[in-house]
A.B. asks: 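Below is one structure. I have some questions about it.
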Amino acid sequence: MISVLEALEIALRQTKRLPVELVPLLESAGRVLAEDVATDIDMPPFPRSSMDGYAVRSEDVRNAPAQLAVVGFIPAGSYPSFSLQPGQAAKIMTGAPLPPGADAVQMVEKTRAREEAAAVEILESVTPGNNVSPLGSEAHQGEVVLPAGAFISPGVVGLLAAIGKSEVPVYRAPAVGILATGDELVEVTAKPALGQIRNSNSFTLFAQVRQAGGKPQLLGVAKDNKNDLRNRIADGLQYDLFLATGGVSMGELDLVEEIFTDLGCEIFFNKIAMKPGKPVVMARSASGGMIFGLPGNPVSATTVFEVLVRPVMRKMMGFPVYQNQMVLATLTEPFTNRSGRENYAPAVTWFEEKRFLVRPLKSKGSGDIVTYAKSNSYMICPIHRTDLLPKEQVVVMLRPDFFYC
Ligand code: AMP
Ligand code: MG
């Protein structure tokens, strides 16, 4: 059985970045830039006041207080047609261009207007450059301000807007097909009869794919027979990424891996030393689509998605970092791991008094989504550790939902 780390390495090695597409600026957040982007203007494009106040020649106010003649008013959006001579000031608003001759701005709070005399008293001196962003001080026209491979955060969206990029070259988001398998599964709208359960995995995975920036598509529920499985899995192989759940353990009706092979897929592994989530089939279709046969147990399926599939999706989308966010945390209660596998225990992690604390939840097992739904992270118990004690430092894998609960 391979380790979680080995499985992740294999999965990432087999994953290719998707091709580039152009998307409207408003849809670019959460994607990754596929080309260097240069600014088409100097930034700022003129010497810009960062305060409401008075544009001055700093030498005129060296011995403040000093009285200056007010020769103009420069609101944002205008451009001064005059230059400042010795002894002169201009009223200026935040974001407005300095007139030639001025080299600083004194904020309005440190001035006293003498409107009857068209003058202003500057109460404190300013040094050259005070409250002014010089022309081109952030970037010069033609300079690359965003390199290929940059993640498009909201701040990056703003920068792209400022430099006139209404369409953005990004790596394509994967189309992800999601198939549930199992004779016992019924629709969400049905009341399960004896022996039946509702298909929840498809919905969990749909949400995860969407959260990861992919385009999920539900492909229904396959019955545990070769015909139905073959037809529906063949459908799934057309996607950039295909996720099936169930039918990958040792049972008589666990046929998913066999069908993958029948359909010409290359299998890379089918077991991982991980709890939950030992049976996992990773494969690739003849046409290059990535394939995961995830366990049927709901907690296992969603956990394997986080540990393996999310990093694979990040690589497809060109992310600079594939790995999930890990932190060291202080354990608040004892934890036992008799599985002989690396244990990803659903946990609640929070930050308090300068450190992370983690409380593994008392789960009833890998079918227990009631408990799992309360978690925001996984506490990772190493493969060879059987008993963890309170106050120990442990590694925690944060999920994106950590930041919201
Ligand atoms: P399997 O891996 O197919 O043997 O399934 C393991 C367990 O997960 C069984 O209890 C199944 O009923 C359950 N299970 C399988 N698929 C789903 C699903 N789509 N939604 C909820 N539970 C499932
Ligand atoms: Mg099954």
Side-chain angles (χ1 to χ4, degrees), residues 1 4 7 176-211 214 216-233 235-236 239 241-263 265 267 269-283 291-310 339 341 343-346 363-375:
M1 225 172 359
V4 175
V176 185
I178 298 167
L179 177 70
T181 75
D183 287 341
E184 75 279 29
L185 300 178
V186 296
E187 293 298 327
V188 175
T189 46
K191 187 94 182 177
L194 282 179
Q196 297 183 324
I197 59 160
R198 291 196 179 101
N199 164 23
S200 62
N201 287 349
S202 293
F203 294 85
T204 316
L205 290 171
F206 188 98
Q208 285 178 291
V209 166
R210 187 169 267 182
Q211 188 187 50
Q217 175 74 48
L218 294 187
L219 303 178
V221 179
K223 294 284 175 202
D224 287 320
N225 68 66
K226 287 192 185 172
N227 247 339
D228 197 31
L229 277 169
R230 189 176 289 112
N231 289 336
R232 290 178 185 269
I233 289 176
D235 242 11
Y239 288 79
L241 175 63
F242 173 51
L243 306 175
T245 68
V248 289
S249 9
M250 301 309 289
E252 222 160 279
L253 293 176
D254 291 332
L255 303 165
V256 166
E257 181 178 0
E258 187 185 325
I259 306 286
F260 287 164
T261 307
D262 283 357
L263 289 170
C265 303
I267 310 280
F269 55 76
N270 60 11
K271 258 187 211 62
I272 308 175
M274 170 175 172
K275 182 188 165 145
K278 182 162 78 170
V280 178
V281 180
M282 194 218 125
I291 302 164
F292 284 89
L294 302 173
N297 267 311
V299 178
S300 312
T302 188
T303 302
V304 174
F305 180 95
E306 291 301 323
V307 174
L308 295 183
V309 182
R310 190 184 287 277
S339 67
R341 292 176 267 152
N343 198 325
Y344 286 71
S363 169
K364 309 266 179 333
S366 52
D368 182 4
I369 38 176
V370 177
T371 301
Y372 179 82
K374 300 186 175 91
S375 70

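Counting starts at 1 for both ligands and their atoms, in listed order. We count residues from 1, following the sequence as given. Only this structure's heavy atoms are used, side chains among them; waters, hydrogens and symmetry mates stay out.
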A.B. asks: Atom CD1 of residue position I369 - does it have more than 12 heavy atoms of other residues, nucleotides or ligands inside 6.0 Å?
C.D. replies: no
A.B. asks: Would you please name every residue forming a salt bridge (Lys or Arg N to Asp or Glu O under 4.0 Å) with R341, sequence neighbours left out?
C.D. replies: none
A.B. asks: Please tell me if the side chains of V248 and E257 come closer than 4.5 Å, counting only heavy atoms from C-beta onward.
C.D. replies: no
A.B. asks: What pairs meet the side chain to side chain donor-acceptor pair (under 3.5 Å) rule with one or both residues in residues 192-205, with sequence neighbours excluded?
C.D. replies: N199-S202, N201-T245
A.B. asks: Please give the N or O to N or O pairs under 3.5 Å between ligand 1 and the protein, distances rounded to 0.1 Å.
C.D. replies:
residue	atom	partner	partner atom	Å
ligand 1	2 (O)	G296	N	3.2
ligand 1	3 (O)	G247	N	2.9
ligand 1	8 (O)	G296	O	3.2
ligand 1	8 (O)	N297	N	3.1
ligand 1	12 (O)	E184	OE2	2.5
ligand 1	14 (N)	G296	O	3.2
ligand 1	19 (N)	N199	OD1	2.9
ligand 1	19 (N)	N201	ND2	3.4
ligand 1	20 (N)	S200	N	3.0
ligand 1	20 (N)	N201	N	3.2

A.B. asks: Does any pair with a residue in residues 178-187 pass side chain to side chain donor-acceptor pair (under 3.5 Å), and if so which ones, sequence neighbours excluded?
C.D. replies: none
A.B. asks: Kindly indicate whether the side chain of Y344, heavy atoms from C-beta on, has any atom under 4.5 Å from the side chain of V304.
C.D. replies: no
